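The next block holds one structure in the form of structure tokens; read it before the comments.
Naming: A, B, ... by sequence-line order, numbering from 1 per chain. Only a predicted model underlies this, so the values are computations on that prediction, with no experimental measurement involved.
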Amino acid sequence: MPEGPSIVIIKEIISPQITGKKILNVSGNAKIDMAQLFNKKVDRVESWGKHLLIILSDCTIRIHFLMFGSYSIDEQTKPDKSLRLKLEFSKKRIYFYTCSVKILPGDIDSIYDWQADVLSEKWNAAKARKKLKQRPDDLVCDILLDQEVFAGVGNIIKNEVLYRIKLHPETRISSIPPRILSSLINEARNYSFDFLKWKKEFTLKKHWLVHTKKFCSSCGRPLLKKYFGKTKRRSFFCDNCQIKYK
DNA sequence: TGCCATGTTAAACT
DNA sequence: GAGTTTAACATGGC
């Protein structure tokens, strides 16, 4: 579920089913003020990075699926204890499980910077570049996961992007040549769209070149798995093909 | 079977 | 108070 493209898919499925519809009942164990949602109409459904946003007239329901979140439509498929939020409409019921639910008051456009979302048509590569320049000492494996810079990028996308541009995960931002920095920013977006396409085709895993893989598809040597940086997430990489600039 | 993970937050530490 | 580490969430794949 969790990386940005998966949220886009959920948005595309849910949006046409509930946009313009009124919330007739709210339940679940989410720690939110449910009364606030009662009888409100869904204005639109959006995604920002890994956030699913159900936008109402005066507030927004923000769903974050974390690591194990899921949802279902019309039938409750999980036990009550994991049912965070149930939204009932006249003909539809949407269930969200094991996720983080928050109500964001006010205008959504003043809360989210759509230009930071790698999957948004408003994505702004130049702005991302400026943010990178301000973080010269950060490792590239950390900054790719930074949702302020690359909203929607998760650990799989991180690994695949770095492999694609032949850059070592432990490289400092300040050491990356300008041309490689450009491809980093471009591929963070491009790979996310490839991820989206493959996920829709149910062929995502088949297309992984490095994530959870054992051997480099380019040189055939064994891939390494290490935990780098502040984020300490798994990095799969080829020590031979991915360059660590200094 | 048991471990680990596509993620984030907040509490508990140093 | 800053920075770092751990726990919590609770499921599913290998």
Would you say [N] has OP1 or OP2 under 4.0 Å from some side-chain N or O of [X]?
X        : N     : result
A/Arg233 : B/dA5 : no
A/Tyr227 : B/dA5 : yes
A/Arg234 : B/dT6 : yes
A/His211 : B/dT6 : yes

Requested in this report: For residues A/Ala188 and A/Leu144, report the shortest heavy-atom separation together with the two atoms involved.
Outcome: CB-CD2, 4.2 Å

**Report entry** Distance-only donor-acceptor check, side chains A/Arg129 and A/Ser182, under 3.5 Å
**Finding:** yes

Query - Span of DNA chain C, from the first to the last nucleotide whose atoms fall under 4.0 Å of chain A heavy atoms - result: C/dT5 to C/dC14

**Report entry** Touch class at under 4.0 angstrom, heavy-atom based, for A/Lys230 against every strand present
**Finding:** nothing

Query raised in the report: Checking all strands, does A/Lys232 fall into the base, sugar-phosphate, or nothing category for heavy-atom contacts under 4.0 angstrom?
Result: sugar-phosphate

Report summary line: To the nearest angstrom, the CD1-P distance between A/Ile10 and B/dT6 comes to 18 Å

**Report entry** A/Tyr112-A/His51 aromatic ring centre distance below 6.0 Å
**Finding:** yes

Query raised in the report: Applying a 3.5 Å limit to both distances, which nucleotide forms a Watson-Crick or G-U wobble pair with C/dA7?
Result: B/dT9

